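Given the structure is predicted, the values throughout are model-derived calculations rather than measurements. Computation of the quantities below employed the complete heavy-atom set of this structure, encompassing side-chain atoms and omitting hydrogens, waters and symmetry-equivalent molecules. Proteins get letters first, then strands, A, B, ... in listed order; numbering begins at 1 in each.
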Amino acid sequence: MCHSQDRTPSEVGRDLVQWFLENQRDLPWRRDYSPYGVWVSEIMLQQTQVAAVVPYYLRWMKRFPDVPSLAAATEDEVLLYWEGLGYYSRARNLLKAARLVMERFGGRVPDTEADLRVLPGVGPYTASAILSLAYNRDVPVVDGNVERVAARLLDLDVSAKSPEGRREVLRAATQWLVPGKARFYNQALMELGAVICTPAHPKCLACPVAARCLALRHGTVENRPVRSPRPRWEELRVAIGVLRENGKIYIQKRPEGGLFAGLWEFPGGKALEAETPRVALVREMEEELGVRVKIVDKIGVVRHAYTRFRVTLHAYRCVPDPPGQIVRPRACAAWKWVRPSELDLFAFPAANRRLIQALRKAADAGS
DNA sequence: CATTCGTGGTG
DNA sequence: TCACCAAGAAT
């Protein structure tokens, strides 16, 4: 009765679970599926690849092994442990959420959808991920992997992000779910998307459910899921200054909300059209700090690509001219003069951190 | 509902 | 070098 063309959909789930149990990657958060560990890993994995997350996760869990240790930490230290991972509001929200878990849930990670969704940074995906991976509740998850895998298995001809596509993906993910095995089923779907059913050049020959993939049957795998065109990025020139006086360097903390919220940075800003970076820096220092500066020399150029723009960072050493001016920064949460060695105690955006490395390399070679 | 929020890997 | 984009959430 069970001819292979006409299996019930739940067998897709069963095949996926079996494949996962035999082929899963050895990842640190799969050791014991503790709710806190699952939570931390899921936040780190948002829009971030597994390979990038692993070292951060290990370091994080060593320093903040449980909810109480995280809740007791300062935001600056939390951001330092997040430095380089991007989307820094994730770290700030995780800290706020840990404190909320202490106050409201006695330090225990919630096990209901409603309670989880109270936590900042926990949306529909993460709530379902914690419920299914940590507590093995029978709820499906829908992330980018699940969207892609489902869009191909179903040969979905509308965007998985559209209302209709969303419904279809959720319906399929729910239908395939193997009761009692959501922890492995959900990870199987995501693992398949990450390892086999990849965006480009999927390895269909190694796919455990290729026999029931409609896109493969119809030759439309490369066109699923259907994508909307992406906007082009903007080119940006930024001048940045390492301002030094009495052996100390000026740094400032970015305000709440917006780009790099809560991180520290060197002062500077965008160069206007037809403005050289040097002129821009002198102008920005005057505007931002109320300080007239003299540029000593150029440290170097750092290229950096963000999602929406590409930045060429022109970095200069500079000093107050005349010396001894009072710094009056505008529009920053805090500011400090620090010794060069202290720069490691503050979280900087990646491009700033690379500038610090260049600074030290020059200092080592020069003097 | 569209935009904003980073970074590094990869072909 | 370049284009794409990865276990989303907040606004």
Side-chain angles (χ1 to χ4, degrees), chain A residues 20 24-25 27-30 33 37-57 79 82-94 96-97 116-134 140-149 159-163 165-166 173 183 185-195 197-203 222 225 227-235 254 256-263 265 302-311 347-354:
Chain A
F20 176 76
Q24 63 175 302
R25 290 170 292 178
L27 301 175
W29 47 88
R30 289 177 179 165
Y33 294 104
V38 169
W39 179 23
V40 171
S41 70
E42 289 302 335
I43 299 296
M44 287 187 171
L45 284 163
Q46 289 170 6
Q47 299 292 285
T48 309
Q49 296 186 353
V50 165
V53 166
V54 168
Y56 281 88
Y57 178 83
L79 284 172
W82 206 272
E83 187 191 273
L85 204 51
Y87 289 136
Y88 297 95
S89 64
R90 292 183 295 176
R92 292 154 30 95
N93 283 336
L94 194 47
K96 288 180 200 158
L116 283 166
R117 288 299 301 274
V118 167
L119 306 177
V122 176
Y125 164 79
T126 305
S128 297
I130 293 171
L131 288 174
S132 62
L133 303 201
V141 301
V142 177
D143 74 330
N145 289 305
V146 176
E147 286 177 0
R148 184 171 58 257
V149 170
S159 167
K161 307 281 188 195
S162 69
R166 228 173 241 290
R183 168 180 295 163
Y185 162 77
N186 281 334
Q187 288 189 96
L189 222 36
M190 295 190 281
E191 187 90 342
L192 189 78
V195 174
C197 196
T198 48
H201 316 300
K203 303 162 185 63
E222 299 283 356
R227 301 180 190 293
S228 44
R230 270 179 19 110
R232 195 176 279 287
W233 46 78
E234 188 182 344
E235 193 71 35
R254 293 184 60 94
E256 298 282 318
L259 194 63
F260 301 126
L263 270 70
E265 66 174 4
V302 175
R303 292 273 303 165
H304 198 69
Y306 299 88
T307 306
R308 289 181 49 260
F309 34 75
R310 297 203 161 180
V311 177
F348 288 88
N352 276 241
R353 182 55 74 187
R354 269 193 275 153

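- Along DNA chain B, the nucleotide closest to His201(A) and the one closest to Tyr87(A) are compared, and the more 5′ of them pairs with Tyr87(A).
- Here Tyr88(A) reaches the OP1 or OP2 of dT7(B): one of its side-chain N or O atoms lies under 4.0 Å away.
- Using a 4.0 Å heavy-atom cutoff across all strands shown, Thr126(A) reaches sugar-phosphate atoms only and no base atom.
- The residue Arg254(A) sits apart from the nucleic acid: no heavy atom pair falls under 4.0 Å.
- Donor-acceptor pairing under 3.5 Å is lacking for the side chains of Arg90(A) and Asn93(A).
- Taking the six-membered ring for Trp and the full ring otherwise, the centers of Tyr57(A) and Trp29(A) sit less than 6.0 Å from each other.
- Taking every heavy atom of both residues into account, Ala194(A) and Arg25(A) meet most closely at CB-NH2, 3.7 Å.
- When each of dA7(C), dG8(C), dG8(B) is scored by its nearest atom to the side-chain atoms of Trp29(A), the top-ranked nucleotide is dA7(C).
- Atom CD of Gln47(A) is separated from atom C1' of dC5(B) by 10 Å (rounded to the nearest Å).
- Comparing dG8(C) with dC1(B), their C1' atoms sit 16 Å apart, to the nearest whole Å.
- When heavy atoms are screened at a 4.0 angstrom cut-off, Gly193(A) is found touching no nucleic acid atom at all.
- Separation of atoms CZ (Arg30(A)) and CD (Gln187(A)) is listed at 4.5 Å; rounding is to 0.5 Å.
- Taking atom CG of residue Asp143(A) and atom P of nucleotide dG8(C), one finds them 5 Å apart after rounding to whole Å.
- Residue-level contact check: Arg148(A) touches the backbone only, with heavy atoms under 4.0 Å from sugar-phosphate atoms and none from bases.
- Comparing Ala194(A) and Arg303(A) by the nucleotide of DNA chain C whose heavy atom lies nearest to each, the residue mapping closer to the 5' end is Arg303(A).
- Relative to the side chain of Arg310(A), the nucleotides dA3(C), dG8(B), dT4(B) differ in distance, and dA3(C) lies closest.
- Straight-line distance from the CD atom of Glu42(A) to the P atom of dA6(C): 16 Å, rounded to whole Å.
- Ala350(A) comes within 4.0 angstrom of the backbone, heavy atoms only, and of no base.
- Arg117(A) places no side-chain N or O within donor-acceptor distance of the main-chain N or O of Ala127(A), the cut-off being under 3.5 Å.
- Put simply, CG on Asn145(A) is 3 Å from P on dA7(C), counting in whole angstrom units.
- Closest to the Tyr125(A) side chain, of the nucleotides dA10(C), dA7(C), dG8(B), is dA7(C).
- Across the protein-nucleic acid pair, Leu27(A) atom CG and dA7(C) atom C1' stand 11 Å apart, rounded to whole Å.
- If you take atom P in dA7(C) and the same atom in dT4(B), they sit 23 Å apart, rounded to whole Å.
- Distances were taken from every side-chain heavy atom of Arg308(A) (C-beta onward) to each of dT7(B), dT4(B), dC5(C); the shortest belongs to dT4(B).
- Whole-Å rounding puts the Met190(A) CE to dG8(C) C1' distance at 12 Å.
- Residue side chain Thr48(A) reaches the base of dG6(B) through a donor-acceptor N/O pair under 3.5 Å, judged by distance alone.
- Out of dA9(C), dA6(C), dG8(B), the shortest distance to the side chain of His304(A) is found at dG8(B).
- When each of dA9(C), dT4(B), dG6(B) is scored by its nearest atom to the side-chain atoms of Thr307(A), the top-ranked nucleotide is dG6(B).
- Aromatic ring orientation, Phe309(A) versus Tyr306(A): tilted (interplanar angle from 30° to 60°).
- Rounded to an integer number of Å, the gap from Tyr185(A) OH to dA7(C) P is 16 Å.
- Atom CD in Glu191(A) sits about 14 Å away from atom C1' in dA6(C), given to the nearest Å.
- Mapping Ala51(A) and Phe260(A) onto DNA chain B via the closest heavy atom, the residue that lands nearer the 5' end is Phe260(A).
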